[in-house]
Structures are given as C-alpha cells and as structure tokens.
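Numbers for residues simply follow the sequence, beginning at 1. Nothing here was measured: the structure is a model prediction, and the numbers come from that model. Note that these values count all heavy atoms, side chains included, but never hydrogens, waters or copies made by symmetry. Just so you know, ligand 1 is whichever comes first in the structure, and atom 1 is the first atom listed for that ligand.
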Amino acid sequence: METILIIEDEPELVRGIRSYLEKAGFKVLSEYRGDSGYKTWENMRPDLVILDLNLPGMDGLDIARNIRRQGNTPIIMLTARVEETDRLIGLELGADDYITKPFSVREVVLRVKAVLRRAGKNEPETKKIHILDLEIDQDEMRALREGKELELTLTEFKLLSVLAEKPGRVYNRLQLLETTQGEAFEGYERTIDAHIKNLRAKLQKEKGDPPYIETVFGVGYRFRKED
Ligand code: CA
C-alpha cells in the first residue's frame, strides 16, 4: 500500500483529502504544522507528499527544499493563489505538480495517481540496493556483504529488503509481517522479533558493531541511515 503524507494546516481540507485518498486505497498520514510534517517525512519516508505552501512552524518551500536535498519523494504543492504558483515556478523548486486552491478533492486524488505513475516509470528495471557495505539484489533475491553472499531465509531476505529500501523509516511489526507474508495476522507480530534477531546475527560482522537494523522502542524497526 502506498503512503501519502499531507502537510496542511486547514483541518477540513485535510479531512476531505484524507477520506478520498483512503477510499482510493492509500495509507494517509497528516500533519498540521510544517516542522512536525517535515519530521514525519524524515521518519516515515512516504511515497508522496501533498504540501501546503503557507504553514506554521516551517514554510512549505523550506520543507520541499529539504526533501529534495535528501531524496526524490514526489511532491504535490497546494497553493492559495495563482501568484504563489508563479513564485514556485520561478524558484524551480522541484515540486512534481501544483494544485491551486480552491480545488476539488477528486482532482487531488487524480493528480496523486498521475504523479505516482510518472515517478514509478523512472525506476530502473533491475533493483539493486547499495547501502553501507551491503548489496541487496531484489531480482535475484540475494544479499551480499562486502561481496560475500549472506545465507538468509526468504523471510529474512524480505525483511532486509524492505527495511533497507527506505533507511530511517520506521516500520511496526504488523507492517513487517505484511511484507513478509502478504497478509498479517494480529497476534503473530512477535514472530517478527525472532526473524529480526536471526537476521541481525547474520548481518553483524563483529560483536559490538552498530546494528544495521535498529529497534525503535515501542514502535518497531528501521534500517540504519548512512552516516
Ligand atoms: Ca496554509
């Protein structure tokens, strides 16, 4: 399921967009402030951000610039006036699309789908993740550390692959269970802990090295970001 983050300070607008997106099958996160919105982007690494321009705490332009510096999450900007749109284009900010208020919520959903489709097309056919000293080949379902293949079970490989794809993003146990089994059963969440434990043991080179997969207390797990 694709995750959309809405950063917008008008609660009614957020409610409207959220309900349409959820009906369309997206997972939706929302923040009313710019600063907390940016934090949520950092922690959750959503698939797309719907970003208002004028926000309390942190300006939408600053958020977009910071996101661009660190990654290529598609951004759809919400702007209040046409002049603001001009300002954005002038700044060559790197947003993937703009929507000028007022707009219909239906239109937002259509734009989200279009932007995601475009973004997906740019992905390379072969998917290899290089992170820290690991190479993860999602087509061949192999993981190598410093060129040497790690002997992982299918579940361990899937866990590693999902976590390493978005370093820093926190996943709870239920989400991880979903990615490894296709469907999740509540109550089986703790089995993830056992898989993570085995996976960590296989990844770790020497005792005392910082773990590749970090525990986020009370939430779940995330892959360590590169320094
Ligand atoms: Ca606003």
Test item: side-chain donor near acceptor, Y212 and D133, under 3.5 Å: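 There is such a pair between these side chains.
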
Between E10 and the Ca ion (ligand 1), is there a contact where an N/O/S atom of the residue lies under 3.0 Å from the metal?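 No, outside the cut-off.
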
How about E8: does one of its N, O or S atoms come closer than 3.0 Å to the Ca ion (ligand 1)? no

Quick one: does any side-chain atom of Q175 pair with a main-chain N or O of N172 as donor and acceptor, under 3.5 Å?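 Here the side-chain-to-backbone pair exists.
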
Between D47 and K27, is there a salt bridge with N-O shorter than 4.0 Å?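 A salt bridge is absent here (no side-chain N lies under 4.0 Å from a carboxylate O).
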
Angle at the Ca ion (ligand 1), OD2 of D52 to O of N54, rounded to 10 degrees, please.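 The two atoms subtend 80° at the Ca ion (ligand 1).
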
Atom nearest to the Ca ion (ligand 1) - D9, N, O or S atoms considered: OD1

Side-chain touch R111/I99, heavy atoms, less than 4.5 angstrom: yes

